[in-house]
Amino acid sequence: MTYTSQMARSTEPNEYPDIQKARFHHNYVESEDDVPQEIRAPLLIQPMSGYRVELGGSPTTPEMYLEEQDVYAYHYHNNFTNHPHINFIGGDKENPIIVSIQTAPDSTIEVKGSRGSGSSKALMGYRVIVRTKKADHHSILPLEKSRTALLQSLKIHLPFLQTENLKQISNSVFPNDLAYLERRMYLGKHKFGVVYCRAGQTTEEEMFSNENGSELFYNFMDMMGDRIQLRGWPDSKYSGGLDTKNDSTGKESYYTEYEGLSIMYHVSTLLPLSKSNSQQVERKRHIGNDVCCIIFQDPQCTPFRPDTIASKFNHVYIVVQVLPERRNGKICYQMAVVSKQGVWPHSPVLPEQGTIFEHGPQFRDFLLTKIINSERAASHAPAFCVTRTRKQWLTDLVEKYQAESPSLFGCFG
């Protein structure tokens, strides 16, 4: 059996498998003409070409779960590093390949003989991870103990794999390097931008030039995390690229942990403000490099344009607008989501358009689940740099050990 992790999803902008459509039930619009007439609530985001605005797809409480960090997250570290296994490298700069094979005594596979023979034989199953520039491929293969049979099995189950140029790596340091590479590839730490927008503000310069946020804004941020002092922030805690020694990126920020994940917010009003530079380069240097951003709007703000912030890295904007009046004594919000073309659909599906969210832990859980899944979905977008970064990481590791003397499949002889 061969399983491909979600890292192997197609990167074509409009290729959404039917199973994904059925699972998420998303409704999207890409222009104002696409907005159905029955939607009466005003949109918080202005539809435009190159972006998909979620309209909401469920009148009931949406199902919430974190995606992507599936059973294969840290699979090598958890199941290979402390067990006998072998590693191979191959390919070239354009198509680096790393193969890890571990014997799996608990996965004996029965293979049937030729049709009509009635015979069968038990083979040892080998757990296999094949890392390419696009995906991690996980398999359990019924491998013979001869080199020829091993090559045939790999070719049958993973026909894209060119086994002829694979070299076995015997260096004892390689497993540690590969485990470190795996940790870098999976997203266990997140940094999200948060931009404060006053009523009447429509441009990037206006939003980034806000010296302070409103009381409603900081009430929202207090719901999303803890306000922390950056100077002296423990080295063991995630800093999200902020300076924790000299206050060069501001004195405070917001931080939280959710489902074992570390989250640091880049809050526009807490990053250094320049009185002379209207472009606010220091603020944009952090927020412009975040994959997902929250746009917090005071009451009566105009619909947010997805192209307001010029950034190649911002792929998902979550607009949260606070309502002008409390309901049942509670602060309430409306929420909308827009993604660049190529970002995969992801849960939780927004409720029906116009749904009101009450300030509190339920809305926090919904919003954190949505933004974490948004970043994971964005990592598969064609324009997103993770694909290039992944390729470079693999290439660097392969080249580092390329000079190792090959002993191809020696332990299977």
Task: Verdict with reasoning, Val130 to Ile98, per side-chain contact (heavy atoms from CB on, under 4.5 Å) - done: CA-CA 6 Å; Val130 178; Ile98 298 177; over 6 Å; no

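- Remark: of the listed residues Ile318, Leu55, Val337, Val337 is the sole one forming a side chain to side chain contact (heavy atoms under 4.5 Å, CB included) with Leu350.
- In this structure, Tyr255 has its ring center at least 6.0 angstrom away from the ring center of Tyr265.
- Remark: the Gln297 side chain and the Gln321 side chain contain an N/O donor-acceptor pair separated by less than 3.5 Å.
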TODO: I would like to know whether Gln334 and Ile356 meet side-chain contact (heavy atoms from CB on, under 4.5 Å); could you show each step before the answer?
DONE: CA-CA 5 Å; Gln334 287 186 302; Ile356 304 301; 3.6 Å; yes

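- The aromatic rings of Tyr333 and Phe296 stand perpendicular to each other, their planes meeting at an angle above 60°, with 30° marking the opposite boundary.
- By the 4.5 Å heavy-atom criterion applied to side chains, Met207 and Gln280 are not counted as neighbours.
- Gln279 and Glu205 share no side-chain donor-acceptor pair at under 3.5 Å.
- Taking Arg305 as the reference, Asp307 meet the salt bridge (Lys or Arg N to Asp or Glu O under 4.0 Å) condition, with sequence neighbours excluded.
- For the residue pair Thr256 and Arg364, a side-chain donor N or O sits within less than 3.5 Å of a side-chain acceptor on the partner.
- Between Phe363 and Phe220, the ring planes lie tilted relative to each other; the angle falls in the 30° to 60° range.
- By the side chain to side chain donor-acceptor pair (under 3.5 Å) test, Arg131 pairs with Asp136, Glu182, sequence neighbours left out.
- Side-chain contact of His190 with Tyr238: a donor-acceptor pair under 3.5 Å is absent, judged by distance alone.
- For the atom pair CG (Asn212) and OG (Ser268), the distance works out to 10.5 Å, reported to the nearest 0.5 Å.
- Under a cut-off of 6.0 angstrom, the local environment of CD in Glu257 is crowded, with over 12 non-hydrogen atoms contributed by other residues, nucleotides or ligands.
- Inspection of the Tyr258 and Thr369 side chains reveals an N or O donor paired with an N or O acceptor under 3.5 Å.
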- [ ] Using the side-chain contact (heavy atoms from CB on, under 4.5 Å) rule, take Arg283 and Leu273 through it: C-alpha gap first, then chi angles, then the decisive distance, then the call.
- [x] CA-CA 7 Å; Arg283 290 180 168 184; Leu273 175 70; 3.5 Å; yes

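- Side chain to side chain, Asn87 and Tyr76 meet the donor-acceptor criterion of an N or O pair below 3.5 Å.
- His346 and Ser374 share a side-chain donor-acceptor pair at under 3.5 Å.
- Contact check for Tyr196 versus Asp298: side-chain heavy atoms found under the 4.5 Å cut-off.
- Between Arg227 and Asp222, none of the side-chain N atoms (NZ, or NE/NH1/NH2) sits under 4.0 Å from a carboxylate O, so this pair counts as no salt bridge.
- Take Arg198 and apply the salt bridge (Lys or Arg N to Asp or Glu O under 4.0 Å) test, not counting sequence neighbours, and it matches no residue.
- Side-chain atoms of Phe313 and Asp290, non-hydrogen and from C-beta on, never get closer than 4.5 Å to each other.
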TODO: Just do the side-chain hydrogen bond (donor to acceptor under 3.5 Å, both in side chains) check on Asn210 and Gln201 with the steps written out, would you?
DONE: CA-CA 10 Å; Asn210 287 317; Gln201 293 183 337; 2.8 Å; yes

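- Using a 4.0 Å cut-off between a side-chain N of Lys or Arg and a carboxylate O of Asp or Glu, Lys251 and Asp243 do not qualify as a salt bridge.
- Here the side chain of His266 pairs a donor or acceptor atom with the backbone of Gly240 at under 3.5 angstrom.
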Task: Intermediate values then yes/no, side-chain contact (heavy atoms from CB on, under 4.5 Å), Ile263 and Tyr254 - done: CA-CA 9 Å; Ile263 299 170; Tyr254 277 86; over 6 Å; no

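- Remark: side-chain polar atoms of Lys370 are paired, donor with acceptor, to backbone N or O of Pro348 under 3.5 angstrom.
- Ion pair Glu375/Lys191 not flagged as a salt bridge, since none of the NZ, NE, NH1 or NH2 atoms sits closer than 4.0 Å to an Asp/Glu carboxylate oxygen.
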